[in-house]
Structures are given as structure tokens and as C-alpha cells.
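Input: a single structure, listed below in C-alpha cells.
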Amino acid sequence: MIGFVLRRLLQLVPVLLLASTAIWAMIYAVPGGPIGAIAGDNASPEQIAAATAQFGLDRPVLVQYADWLWNAIRGDFGMSIRGRAPVLELIGQRLPATLQLAVAATIVSLVIGIPVAIASALRPGSWLDRVLSAWSAMALGVPTFWLGILLILVFAVELRWLPSASAYVPIWENPIGALRNLALPALTLGIYVSGILARFLRASLVSELRADYVRTARSKGLPERQIVGVHILRNALLPFITIVGLMMANFIGGAVVTEAVFTYPGIGRLLIQAITTRDYPLIQGCIVVILVLYIAINLAVDVLYAYIDPRIDYR
């Protein structure tokens with residue numbers, strides 16, 4: 001297992017290098033480049049020349065990239081142009097909020113998606129299967145921004161049970177306050193993803209229900225609950241865990257719309273603010289951090305396979 005993890009980490013090195021090259025080159029592909037944001041749109045030629053020399057942008061491109069890459073490896077993404085603070089410090093202030101929301105939304109999607117998939121797979125073609133399949137399709141078809149606004153109208157405006165604007169409250173400091181602020185954005189993301197998870201898990205369960213070992217287990221007189229919970233569900237979880245990992249990684253950088261609807265202070269909203277203000281060092285730092293987290297979650301999913309299916313040989 002350790003050897004497999006080390007090999008995967010080595011394989012990720014060229015991926016990170018190529019991605020970092022694309023991220024860094026992106027700044028030079030936009031009109032105006034970083035100088036337009038640093039010096040301002042109405043800067044004089046003298047101010048542009050001074051800013052170019054100050055930030056070393058008059059050096060060869062490869063030298064600039066090598067310096068940026070070396071600093072990024074050490075965790076130094078430079079200073080935010082608008083925030084006037086280290087980029088990593090600004091990201092560190094928002095990252096815990098995003099991780100907390102990602103975990104909460106994943107839990108919501110699992111709590112909803114797994115029972116729906118099991119109930120639908122055990123009664124294929126029945127009225128219950130049709131109803132649950134329709135619900136999954138509706139969960140996938142409803143835009144997250146519309147669902148978020150609807151939840152705000154119901155639970156924040158009409159019932160006044162939950163706040164309409166969600167602040168970040170660490171769950172280890174104030175569990176009740178954290179759950180109140182996480183409830184609506186986590187429901188918005190979790191309901192949508194539960195439709196995806198329910199469809200994938202249902203298809204996997206239906207395939208496993210037709211396997212020979214299920215027929216053998218039933219012929220031996222094993223209870224249906226044991227067959228489904230111990231044997232079928234465990235084998236059906238392999239493709240399902242891949243989707244769960246991808247969705248959780250997507251929550252980290254892809255929950256921009258939900259964070260905007262609820263004014264949630266996550267890293268996705270920080271990235272949008274950086275793009276709006278043309279804060280290029282902050283844009284680069286946010287994208288690199290999201291990429292590293294995405295890769296780390298996928299690696300964790302691969303490692304988790306071994307504990308679910310012992311037939312996998314990582315040698």
C-alpha cells in the first residue's frame with residue numbers, strides 16, 4: 001500500500017507541473033496581463049515601466065516562471081494586489097469554510113441518495129422505483145441557484161428558522177451555530193448531488209442483484225437484509241465511491257454559485273472576487289490550491305478501494 005501511494009505521488013508530479021504551467025501562462029494570455037491590474041488602466045508609460053521593473057516582469061519569461069514555481073513549491077504565491085496580504089494567508093482564511101461546507105454537503109447527499117438508491121433497486125419497475133427515479137431526475141434538473149433562492153424564501157423569509165446569509169462558524173467552536181449556517185447551502189448542494197449518487201448507486205445495485213453469488217446466498221437461506229447490507233452494497237460501493245470523491249472535490253472549487261447565493265465566505269467566492277478585480281496572484285493561488293485538493297481527494301479514493309475490495313492488488 002505504501003509503495004502504491006508513493007508511486008501515485010510520483011505520477012502526480014508531472015500533472016502538477018503541467019497544470020502550474022497552464023495556470024501561470026494564463027496570466028499572460030489575458031488582455032493587458034498583470035501589469036494592467038498592478039499599475040491601473042489609466043497608468044502612464046512611466047508608471048507601467050516602474051511597475052514592470054518592480055515586479056521583475058521585464059525578465060525572460062522562463063526565468064519568471066522558474067521563480068514563480070520555486071516560490072509556489074515553498075508555499076509563497078506572492079502578495080494579493082487588492083488585498084495587500086499574502087495570497088496563502090487569504091486562502092487559508094477561506095479554505096476551512098469551504099472544506100466544512102464540502103463535508104456537510106457530501107453527508108447530506110449520502111443521507112438522501114443511498115436510501116433512495118437502495119429502495120429503488122430492490123423494487124425495479126415498481127411505482128416506488130418510478131417515483132424515486134422521477135425525484136432523482138428532478139434533483140438533477142433543478143438549478144442550484146433557483147433551489148437556493150427557494151430554500152431562502154421558505155426557511156429564512158417565511159418560517160424564519162434559518163439565516164438567509166450564511167457565515168462561517170467553526171463546528172468545533174459552536175456546533176449549533178455552524179449547523180444553522182450550513183443547513184441551507186449544504187441542502188442546496190446535497191440535494192442536487194444526491195440525484196447523481198442515487199442514479200449511479202441504483203445502477204450498480206441492480207447489476208449486483210443479478211450476480212451468481214446473490215442467488216447462492218439466497219439459496220442458503222441468508223436474510224435479505226444481510227445479503228443487501230453485507231454483500232451487495234459492499235461490492236456496489238466501488239464505482240459509487242469514485243463519484244462521491246469527484247463530487248466532494250467539485251464542492252471545493254465548484255460551489256461558486258451556491259456560495260454567491262448565500263454569501264458564504266468560501267474559496268470559490270474568493271476566486272470569483274479575484275477574477276472580478278483582476279487580482280492575478282490570488283487567482284493563481286486559488287486555482288493551485290483547488291487543484292492540489294482535487295488530486296489529494298482522488299488519491300484518498302484510490303486508497304480507500306483497498307479497504308472495500310480486498311481483491312484489488314496494488315502491487
Side-chain angles (χ1 to χ4, degrees), residues 98 100-166 179-210 228-229 232-233 236-264 266 268-269 272 294 297 301:
T98 293
Q100 186 167 284
L101 176 59
V103 172
T106 302
I107 292 174
V108 170
S109 63
L110 292 175
V111 169
I112 298 174
I114 291 178
V116 168
I118 294 175
S120 181
L122 292 179
R123 300 288 185 272
S126 65
W127 66 268
L128 180 62
D129 182 27
R130 290 193 292 269
V131 170
L132 295 178
S133 297
W135 180 89
S136 298
M138 184 180 67
L140 288 172
V142 174
T144 53
F145 73 89
W146 183 86
L147 179 59
I149 294 173
L150 181 63
L151 291 177
I152 290 174
L153 290 174
V154 174
F155 292 100
V157 177
E158 294 295 332
L159 300 177
R160 298 183 180 180
W161 290 352
L162 299 169
S164 59
S166 299
L179 292 176
R180 280 178 52 82
N181 283 275
L182 280 173
L184 293 184
L187 274 174
T188 301
L189 291 173
I191 289 175
Y192 170 74
V193 173
S194 67
I196 300 175
L197 300 185
R199 286 198 168 191
F200 272 91
L201 184 56
R202 180 194 178 280
S204 185
L205 286 171
V206 169
S207 176
E208 291 295 328
L209 282 167
R210 299 169 181 167
V228 175
I232 297 177
L233 191 58
L237 281 179
L238 277 176
F240 178 71
I241 284 179
T242 303
I243 303 301
V244 173
L246 291 175
M247 292 298 101
M248 187 174 182
N250 186 58
F251 287 152
I252 294 176
V256 176
V257 175
T258 303
E259 291 181 0
V261 170
F262 294 98
T263 64
Y264 189 77
R269 191 157 170 250
I272 293 300
Y294 199 97
I297 290 175
V301 169

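Summarising the geometry of Ala119 relative to Leu128, their closest heavy-atom pair is O-CD2, 4.1 Å, with the distance given to 0.1 Å. Of all non-hydrogen atoms in Ser194 and Trp135, the two that sit nearest each other are OG-CH2, 3.0 Å. Across all their heavy atoms, Leu101 and Ala186 have their closest contact at CD1-N, 3.9 Å. Across every non-hydrogen atom of Gly266 and Thr98, the tightest pair is CA-OG1, 3.2 Å.
More than 12 non-hydrogen atoms from other residues, nucleotides or ligands lie less than 6.0 angstrom from OH of Tyr294.
Under the side-chain hydrogen bond (donor to acceptor under 3.5 Å, both in side chains) criterion, Ser120 pairs with Asp129, Arg202, not counting sequence neighbours. For Gln100, there are no side-chain hydrogen bond (donor to acceptor under 3.5 Å, both in side chains) partners at least two apart in sequence or on another chain. Applying the side-chain contact (heavy atoms from CB on, under 4.5 Å) test to Leu122 and every residue at least two apart in sequence or in another chain returns Ile118, Leu209, Val228. Residues meeting the side-chain hydrogen bond (donor to acceptor under 3.5 Å, both in side chains) test with Thr144, sequence neighbours left out: none. The side-chain contact (heavy atoms from CB on, under 4.5 Å) search around Arg269 returns Arg94, Glu259, Thr263, Gln273, not counting sequence neighbours. Legend: residues meeting side-chain contact (heavy atoms from CB on, under 4.5 Å) with Val131, ordered by chain and number and at least two apart, are Trp127. Residues passing the side-chain contact (heavy atoms from CB on, under 4.5 Å) test with Pro163 are Arg180, Asn181, sequence neighbours excluded.
Between the OG atom of Ser133 and the CE atom of Met138 there is a distance of 12.5 Å, given to the nearest 0.5 Å. Rounded to the nearest 0.5 angstrom, Phe262 CZ and Leu184 CG are separated by 5.0 Å. With values rounded to the nearest 0.5 angstrom, Thr258 atom OG1 is found 10.0 Å from Leu151 atom CG. To the nearest 0.5 Å, atom CD1 of residue Ile297 and atom CE of residue Met248 are 5.5 Å apart. The OG atom of Ser109 lies 9.5 Å from the CG atom of Leu189; values are rounded to the nearest 0.5 Å.
Panel note: side chain Thr106, backbone Ala102; a donor-acceptor pair is recorded below 3.5 Å.
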**OP:** Give the intermediate values and the outcome of side chain to side chain contact (heavy atoms under 4.5 Å, CB included) for residues Thr188 and Val261.
**Re:** CA-CA 10 Å; Thr188 301; Val261 170; over 6 Å; no
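Looking at heavy atoms from C-beta onward, Leu197 lies in side-chain contact with Leu110 at the 4.5 angstrom threshold. For the pair Ile196/Met247, a side-chain contact is recorded, criterion being any heavy-atom separation below 4.5 Å from C-beta on. Side-chain contact between Ser136 and Val116 is present, with heavy atoms from C-beta onward closer than 4.5 Å.
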Would you be so kind as to tabulate the donor-acceptor pairs closer than 3.5 Å made by side chains of residues 153-160, with sequence neighbours excluded?
none

